[in-house]
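In what follows, a single structure is set out as structure tokens and then discussed.
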Amino acid sequence: MTVTEPQQLAYIAGQAAEARLRFELETEGMTLNIGPQHPATHGTLRIIVRLDGEQVVWADPSCGYMHRGYEKLAEVRKYQQVTTLVNRIDWLSSFCNEVPFILAAEQLYEVEAPPRAQWIRTLLFEMGRIANITLFLGEMGVQLGAITPVFYAFRDREHVLNLIEAATGGRFHPNYDRVGGLKDDLPKGWVEETKAVMDKVREFCDQMEDLLLGNEIFERRMRGIGVIPARVGLGYGLSGANIRASGVDWDIRRDEPSVLAWKDCDWKVWTHTDGDSFARYWVRLQETREAAKLVDQLCDGLPSGPIMAKMPARLRVPKGEAWVHTENPLGEMGYYVVSDGGPSGPFRCKIRSASFNNISILPWILRGVYVPDVITILSSLYFILGDIDR
Amino acid sequence: MSDAPTDDQTEDAAPPPPDPEREELVAALRRDLGDWLIEHVNANGDLWVRVDRKAWLKAGEVLREKHGFDYFCFLSGIDWLNNAELVQRYEQVWDPDAEAAGDGAADEGPYVGGRVAGGDTRFQVFARVYNVQRKLGITLKADLDDANPSVDSWVTVYRGADWHEREAWEMYGFEFAGHPGLRHIYLPVEFEGFPLRKDFALLARVVKPWPGLVDKEPVPGEDEEEGAEEAAPA
Amino acid sequence: MGLVEKGWLPKPLTKVLNSARRYSVWIYQWGLACCAIEMGSALASPRYDVMRLGVIPFPASPRQADLLVVSGTLTDKLAPSLRRLYEQMPDPKYVISMGSCANCGGPYWDSYSVTKGCDQIVPVDVYVPGCPPRPEALLEGIVLLQQRIGDEDMAERWKGEPPVVAGPTNSGVVVGGGPIA
């Protein structure tokens, strides 16, 4: 049986109309793979998002592309060797990673470093914070399309890195702590130079405020994006500026007893009530200023004395467990170190890194978000891959 | 929000300074958990509590709902296996008389002794939560069955436990009952074995044991090449 | 051009073509770990500016890049991605391995999840040692690579042979780079 031409044409027209209809309705179910190599992910994080049009329906971060096995490696190294390794977890503020580990080791060894060493540790800790967060302040702009701030950030970080290098020998990865104190004392003239550099840091913060905070595009893209209510954030274990931007007034430097020198200085904890990306940026900006203020005070009040405690020649670590945590630039970082009394290093070293918890909130927070805002939220949560993956 | 002030540290030689806040917390937990709270240690300004594994989920719920421990810090495991052969395999060659002086772990039996908040089995799961208002932290521990290390999942109580439990499963092989999906988080899908267990050997160290202190290596061919390669000694 | 493949290109013209290529290298951004920050300092910082060497760090797509700088630890999970993206780069392409993790596994030499050296996955032209190497060390590595490009024999490369270096240069190792922590 033959089909006439008009019938054929009618049939084709009908099929085309139906296809058009179906095509217009099919917006669901596109899976987009962001990463693992992507300029916006600060490293090798892979986020698999399922989209409905422009909105995210479901997001699944897949980390582990930088997993180096720190906890296992720490078990086969001595305490000094672990210090070297542990620098590289949060690689922007490396000194800050060493400190809680060395404090835990000192708790196990039952020695205490002299006051000058503790003050210098605090000083370098705060400088590590400045080195870390200045980069965040700059590259938050890059994620939104503003390229200039990151050049300023790199330039001004150089000053801080030079100081750290002058004192410790390494621009980052200083490996400067020893159990019981520090490797070397500060070089001559370092303290005066530090104060001069802090003026530059404050100038940089003012520049960022001018360039970015007052910018209308910045505000529109950041305000109201990625709001984290405090209770949800705490349940996921968000820490640092992320949770302070949601109104939780908690800072380990102030709230936990510590042998380091924060209690001897006059400084403030900044919080914000909004909990959105803008609040996180704002809190970090204020924290940088506060860190510069802390560095000035620490430079002024630096006690004199030895930098290394008297340690017996052949030292065995008694059995025990120690937990020390500090307020690192990314959040709360802590080490749970278990010693079995043996000659080698830790029996178990659990590293609690801030970014792992900070990123675990992504599946919850990215639902219903538009694709460009995914990048905004990622950047405002601010993580370092080494900190997530250890 | 005013927190109950802890007593100031009256330095006694032997007994530790009194810590009413934490003692009160332990007493409250004992009322809630009864016999399932096995022991507690209050030292160094910190609190460890060991519970029975059947009470793991209940302990989490009680802490969060009743005592306001809403900040989830971390959850992980410890493998207490004491294996002399493993210790020897990884030992550092340059410290030979250290083990001779050893009040070593070898005589402690199958598991390493001297642990805070005890532990009778090889695997122990431990977690830390924090009360942000009262600035109090508590470390919870539970012993797991050696042959079948499993415990209830904390996902319903602390959402952040999701990823930590995935990691503990991946590294140790712990099963978490009630977890939405235990799958690999750090390691590739084809990875075999549980890396953080003590019997998982680091093959690079087995094949080539650490040589200890090495004499300075001779500088390769300084006179050969015209490019004047001077190797910087490490 | 058939001339290049048949090896009929006269030496001076090869030199000109090579120097056109060596002074317009585009780096593919493959920053993995801490070395990526030093690479960022070398590339984006006004102090160690790499653009004065003709190297432009713009392309985010492998299809437009000449040079891959593997900076940071390469893990087994990421190794297939590295290979896949390397193969997407068009010839002639070069690889610089930056930092001890990319050279040989570095401080994680005994880890269960780290690839001990990216030269197991991609062929490397220049190794820059250090942990992390200073930005100046990376720049020296790039300069070394530019010398090698300048002395390259393009005919061999077109035939698919590994690049034969026709002139006197140093071997592909930058020595004395960066602090070794």
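First the proteins, then the strands, lettered A, B, ... as listed; each starts at 1. Quick note: numbers below take in every heavy atom, side chains included, and nothing from hydrogens, waters or symmetry partners. None of these values were measured; they are calculated from a predicted model.
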Residues forming a side-chain contact (heavy atoms from CB on, under 4.5 Å) with A/P363, sequence neighbours excluded
A/P61

Among all residues two or more places apart in sequence or in another chain, which pass the side-chain contact (heavy atoms from CB on, under 4.5 Å) test with A/K183?
A/Y176, A/R178

For a quick test of reading the model, state the closest non-hydrogen atom pair linking [X] to [Y] and the distance between them.
| X | Y | value |
| --- | --- | --- |
| A/H67 | C/V114 | O-CG2, 4.5 Å |
| C/S113 | A/G69 | OG-N, 4.1 Å |
| C/K77 | A/G64 | CD-O, 3.6 Å |

Steps toward side chain to side chain contact (heavy atoms under 4.5 Å, CB included) verdict (C/S111, A/K72):
CA-CA 8 Å; C/S111 169; A/K72 185 80 178 179; over 6 Å; no

Can you find a heavy atom in the side chain of A/R171 that is under 4.5 Å from one in the side chain of C/E38?
yes

Non-hydrogen side-chain atoms of A/R157 and C/I37 separated by less than 4.5 Å:
yes

So, applying side-chain contact (heavy atoms from CB on, under 4.5 Å) with C/P107, which one of A/R88, A/Q81, A/R77 is it?
A/R88

Do NZ/NE/NH1/NH2 and the carboxylate oxygens of A/R68 and C/D110 come within less than 4.0 Å?
no

Surrounding CD1 of A/I147 (heavy atoms of other residues, nucleotides or ligands, distance under 6.0 Å), is the total greater than 12?
no

Counting heavy atoms not belonging to A/E193, are there more than 12 under 6.0 Å from its CD?
no

Measuring heavy-atom distances to chain A, does [X] have an atom under 4.5 Å in its side chain, in its backbone, in both, or in neither?
| X | result |
| --- | --- |
| C/A33 | both |
| C/T73 | both |
| C/P62 | neither |

Who are the ring pair (Phe, Tyr, Trp, His ring centres under 6.0 Å) partners of A/Y65, not counting sequence neighbours?
none

Residue part contacting chain C, namely of A/S62, when any heavy atom lies under 4.5 Å
side chain

Contact origin within A/I384 toward chain C - heavy atom pairs under 4.5 Å:
neither

Nearest-0.5 Å distance, [atom1] of residue [X] to [atom2] of residue [Y]:
| X | Y | atom1 | atom2 | result |
| --- | --- | --- | --- | --- |
| C/R47 | A/N162 | CZ | CG | 4.5 Å |
| A/L92 | C/C34 | CG | SG | 9.0 Å |
| C/Y112 | A/L73 | OH | CG | 7.5 Å |

Could you check which of C/C101, C/S81, C/G40 has the highest count of heavy-atom pairs closer than 4.5 Å to chain A?
C/G40

By residue number, those in residues 148-156 of chain A with heavy atoms under 4.5 Å from heavy atoms of chain C are A/F151, A/F154, A/R155

Parallel, tilted or perpendicular: ring planes of C/Y108 versus A/Y70, cut at 30 and 60 degrees:
perpendicular

Residues A/E165, C/R134; criterion side chain to side chain contact (heavy atoms under 4.5 Å, CB included); working and verdict:
CA-CA 11 Å; A/E165 188 184 9; C/R134 283 189 69 104; 2.5 Å; yes

